[in-house]
Structures are given as C-alpha cells and as structure tokens.
There are 2 protein chains.
Amino acid sequence: MTTTDLQPLPGGTLSDAVEHRIVDWLRQQGLKPGDPLPGELELAQTLQVSRNVVREALSRLRMIGLVRSRKRAGMHLGEPDIPGTLARVLDAAFLDQARIAQLRELRLVIEIGLAPLVFTRHSAADRAELTELVTQERAVADDCDASRAIDAHFHAVLYRIGDNPMITEFQALLPSFFATADRAAFRPTRFNDPAIVSHADLIHELEHGTAVSFAAAMQGHLTPHLAGC
Amino acid sequence: MTTTDLQPLPGGTLSDAVEHRIVDWLRQQGLKPGDPLPGELELAQTLQVSRNVVREALSRLRMIGLVRSRKRAGMHLGEPDIPGTLARVLDAAFLDQARIAQLRELRLVIEIGLAPLVFTRHSAADRAELTELVTQERAVADDCDASRAIDAHFHAVLYRIGDNPMITEFQALLPSFFATADRAAFRPTRFNDPAIVSHADLIHELEHGTAVSFAAAMQGHLTPHLAGC
DNA sequence: TATGTCCTTATGTAGGACATATTATCCGAA
DNA sequence: TTCGGATAATATGTCCTACATAAGGACATA
C-alpha cells in the first residue's frame, strides 16, 4: 500500500533511484566537500522510502567517498575517492581479456603522452636518479626478475617526475595487470642493439634533446609493446 | 551481546569489512562474470552479521557492476561497469580545482600518447572525415561557439580512430570539465599562423608523415594548453 | 577556568515481516 | 504423450521497529 502508487522505476531498484536523486540534489544545491547533509530519517521521509533504502544508496556514496558520516555529527560531503574507486572497479580478477588489453594499452598511451611533461618538469637530480637505476640494471642484466623490478622502478620514477597525482595513482594500481601476462612479454634490454631505445638513450634525450625528441624516444622505447604497430 | 565480541573494525563499519570480505572471497574462489553467488541470507549467516549489513555491502558491489541480482535467480557476478563508475567518481561538481586540473592535463596526456595509435590505425576514409571537418571549421571561423563544437568533434574523431573503447569512454565524460573553464582558454585557430599546428597540419602529417612526426605535430597542437611548457 | 557527568542526537546494527518477480513443479486437457 | 496453465517455492526488494554506539552539548561542580 505504500509502493503501489509509484511507477515501477523501469530497470532499477529504489536504491538506484534514490542514489541518483540524492546526487542530483547535491549537485543542484551546489554543495561542496565539507557541507552537511540532511539526516537519513529526513531523507527517507522526504523521498517517501524506508530508511533502509536510503542507507543502501548512501552506502554507495560512502564507498566512493562522496559522503562521510560520523555517529552524532551526521553526514557531510566528502571528496570523491578517485584512487580507491578505481582500485575497486579496475580489478584484474574480474575483467575480461579485452578490458585488460585496453588497460595495458592505456598505460602505454599515458606513458608516451607523459613524455613532454617529464621533459619539462625533470631536474638534474631526477636524471641522476635515473642514471643510477640504469647502472643497477646493467649489474643484474642476467637476472630477469631483478631486471624487471628495476625496469618497473625506472618507469615509476618517470611517472613521479610527470608530477600529476591522478596519473601516478593510476599507475600505482597497474601492476596487477602485468604481473602474469607481461612476464612473458618482458625482454631484458639488449644494451648494444642500436634499433632499441634503451633507458640510457632516454636519459640522453632528457639531457641533450628537446621535448619533441624525448617524446619520440619514449615512443620508440614503448612501441614494441603496442599491438598493430 | 552480539557485536561486543568482535573487534571494533578500526576505522570502518561492518559494511566496509563485509564488502572487502566478499570481494576477497570472490577473488580467492576465482569466480568469473556469470558465476552464481551465495544468497544474502547465507552470506549473513556465514559472516555473522545482519542481512541489512550484507545488503549495504552488496549494494555497493551492484553499483560498480560487480554483482547483478534478479528476483528469484539470485545473484551472479557481473562485469565491472567501468564507464558508469568513472562517471560517478569523476563528477566535476564535487572535485576540487586541483583534481580538475589534473584531469584536464590527463586528457592532454592521453591525446598526445594516442597519436601513434591514431597514425597506425587510421584509414583514408578517416582522413576524409577529418578534412571535411576542417572545411566546416573554416566556414564558421567567425562563430566561436560553432568553431568550438567542430573542434571538439575533430578530436572526438581522433579518439574514435584510436580505437580503444576504454579511452573513448573516458573521453566521453570529459566535457563537463571543459564546459565552463575552457571557454576562456579556447582560441579560434588563426589559420595562417605558421607557429601553430592546425588541424589541417595534423591531417597533412597523417597522410604524408610518420608515427613519430604525427605525434610531434599533436604535441605541438596541444602544448599551448599545457601549463609550465 | 577547568573538568567530569549526564543527556541528546544521528548513525550503525539487528531481526522480523511482507511484497514481488521468477522459476520450477504439477496437473489436466488435447 | 505432450502441451499449457495453475500453483507452489524461492531469493531478492522493501518496510518497520528496536536498540547499540559514539560524539557533541549542557550543566553542575571544584
């Protein structure tokens, strides 16, 4: 007798509808992180649904960080938890091969596109750090696992130099997508092969090249990993 | 007397703990999209929490598409809804200026890094489509709004040519971040300025250049938008 | 002023009840 | 036998009530 008078909400549950209603309302009110929200009971009464439905909707908003709540203080808007949400939805265990391939390609795209920023924002100290890693890499050229770890470290430093927190956070959750599949694809650098852009070549471009030439070098360094190139 | 014997779950609610427990269990069991899940009641009994708590946790997993449920069929694993989840967490209305700046920069990074893929995967028909857009652009050079719309369309086509659904989906939800701020930053192309890489120049590189030269052109086309360059 | 107690409040959790949709089952008719 | 419709079973969706818990405020006291 309570729910019979409203439309069947085609294709969704009440929680779905309430979730969107609340978010739309927050947007419409122009609320910002830190602002207080109405209590659960008031929301339930206003929306004419049970407190349970409201809590299921709020639980979702809590997960993505949009809402924070404490026992007596009530609820407040929070800052969306981008890395936490990405980690939940980009879970290699539940993604199909197509999605994983797209993610791996996205990683390469970002790393190539990051090159101009890395060139612009890097310092002499950064170059020294990268050079040190190349030295270590040469020392363990025989050990595939160690070589691979240093390779990952080298690229992580490039991300850090890029100095975009969002991109760095994205990179931080990528290893799970490369843990198994990339082991086979990873080839220890042949240091004397002129056709391959090595880490040392990248550092050279960083010091003596331009933003464009460094980006081209990065492209050459990563292109072997791109399908259809 | 029921909840007093378990640890205060430092820093989180029961729903948080149950959410992670369930996801860990799904991973550990190696379940894949389509596989059935235990019922809510069974989960509640196994985890020794109320069905309410279980439903709040499941509501979150339903939001990100990880579980789907129908009335009598029970629950099944679903494919994570990446674009839907991104749309929820990347909401310009609730992100601070720093995050928005990072997102705008990420867009430029992706667009530059996408260049090699665009070059490799484009067809003559794609070039014709882009050329047609440049023609239209010249026709409305005076109208800033129309010019801006065609510019957006041009870049959307580039994304489509890149042929990575994940990247295209990401691009699809970007307009909200550029709707207001970019209006000021947008400058209609001065077609005769040789220092600026125009859309026509991009098409020229696409037809007569190389992957590297096209990427460099894209870099030149977008660099004016990058801070600190 | 400082502090400790009590009270209020809003969220967190529990449990039961019913509604609803969908599937399985069974029975009767052609 | 087979087909089709009525019927029962089942898991999710929604509602309700009650209580636990933490946190902030009010107040009295030293």
Side-chain angles (χ1 to χ4, degrees), chain A residues 1-22 25-26 31 34-78, chain B residues 1-22 25-26 31 34-78:
Chain A
M1 80 78 169
T2 53
T3 60
T4 47
D5 48 359
L6 57 81
Q7 303 295 6
L9 271 315
T13 70
L14 276 180
S15 300
D16 294 326
V18 168
E19 177 205 340
H20 286 106
R21 277 283 190 89
I22 292 177
W25 184 81
L26 295 176
L31 297 184
D35 291 339
L37 267 70
E40 296 174 351
L41 206 50
E42 183 178 345
L43 287 173
Q45 289 169 346
T46 302
L47 297 172
Q48 287 288 296
V49 295
S50 76
R51 191 180 157 220
N52 229 323
V53 168
V54 169
R55 279 190 61 82
E56 285 188 21
L58 289 172
S59 177
R60 301 175 175 187
L61 303 185
R62 270 189 284 269
M63 180 183 68
I64 66 177
L66 194 57
V67 169
R68 290 174 47 82
S69 52
R70 285 176 341 213
K71 281 260 165 153
R72 141 117 189 174
M75 294 184 290
H76 295 262
L77 264 194
Chain B
M1 76 84 165
T2 53
T3 59
T4 49
D5 49 358
L6 58 81
Q7 303 295 8
L9 270 313
T13 70
L14 275 181
S15 300
D16 295 325
V18 168
E19 177 204 341
H20 285 108
R21 278 282 190 90
I22 292 178
W25 184 80
L26 296 176
L31 297 184
D35 292 339
L37 269 70
E40 295 174 352
L41 206 50
E42 183 178 345
L43 287 172
Q45 290 169 347
T46 303
L47 296 173
Q48 288 289 293
V49 295
S50 75
R51 190 175 158 226
N52 234 325
V53 168
V54 171
R55 279 190 61 82
E56 284 188 20
L58 289 173
S59 177
R60 300 174 175 187
L61 303 186
R62 269 190 284 270
M63 180 182 68
I64 66 177
L66 195 55
V67 308
R68 292 172 44 83
S69 50
R70 285 173 343 205
K71 281 260 160 142
R72 141 121 188 170
M75 294 184 290
H76 295 262
L77 264 192

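Just the heavy atoms: all of them, side chains too, but no hydrogens, waters or symmetry mates, feed the values below. Lettering of chains follows the sequences in order, A, B, ..., and the numbering in each one begins at 1.
Side-chain N/O atoms of Arg70(A) include one lying less than 4.0 angstrom from OP1 or OP2 on dG24(D). The side chain of Ser15(B) places no N or O atom within less than 4.0 Å of a non-bridging phosphate oxygen (OP1 or OP2) of dG12(C). For the OP1/OP2 pair of dC15(D) and a distance below 4.0 Å, the side-chain nitrogens and oxygens of Ser50(A) include at least one atom meeting the criterion. Applying the 4.0 Å criterion to OP1 and OP2 of dG12(C), one finds that Arg55(A) has a side-chain N or O inside that range. At dG13(D), one or more side-chain N or O atoms of Ser69(B) fall inside 4.0 Å of OP1 or OP2 (strictly under the cut-off).
Side-chain contact between Asp16(A) and Arg60(A): present, with at least one pair of heavy atoms (C-beta onward) separated by less than 4.5 Å. Side-chain contact between Arg55(B) and Arg62(B) is present, with at least one heavy-atom pair separated by less than 4.5 Å. Met75(A) is not listed as a side-chain neighbour of Leu61(A), based on a closest heavy-atom distance of 4.5 Å or more. With contacts defined as side-chain heavy-atom distances shorter than 4.5 Å, the pair Thr13(A)/Val53(A) does not qualify. Leu37(A) places a side-chain heavy atom less than 4.5 Å from the side chain of Leu26(A).
When base pairs are accepted only as Watson-Crick or G-U wobble with both N-N or N-O distances under 3.5 Å, DNA chain D takes part in stems of 3 or more pairs at C:1-30 with D:1-30.
In this structure, the CD atom of Glu40(A) is 15 Å from the C1' atom of dC16(D), given to the nearest Å. Across the protein-nucleic acid pair, Leu14(A) atom CG and dG13(D) atom P stand 11 Å apart, rounded to whole Å. Nucleotide dT17(D) holds its C1' atom 11 Å from the CG atom of Asn52(A), rounded to whole Å. Rounded to whole Å, the distance from NZ on Lys71(A) to P on dC19(D) is 16 Å. For the pair Leu58(B) CG and dA11(D) P, the interatomic distance rounds to 15 Å; values are reported in whole Å. Between the CG atom of Leu37(A) and the P atom of dT9(C) there is a distance of 20 Å, rounded to whole Å. Distance, Asp16(B) CG to dT11(C) P: 16 Å, rounded to whole Å. Whole-Å rounding puts the Glu42(B) CD to dT12(D) C1' distance at 15 Å.
Separation of atoms CG (Asn52(B)) and CZ (Arg51(A)) is listed at 9.0 Å; rounding is to 0.5 Å. Atom CD of Glu19(A) sits about 7.0 Å away from atom CD1 of Ile64(A), to the nearest 0.5 Å.
Comparing atom distances between the Met75(A) side chain and each of dA14(C), dT13(C), dT11(C) picks out dT11(C) as nearest.
Within the nucleic acid shown, Arg62(B) comes within 4.0 Å of sugar-phosphate atoms alone, with no base atom in reach, counting heavy atoms only.
Donor-acceptor pairing under 3.5 Å, judged by distance alone, is absent between the side chain of Arg72(B) and the base of dA24(C). On a pure distance criterion of 3.5 Å, a polar donor-acceptor pair joins the side chain of Arg51(A) and the base of dG12(C).
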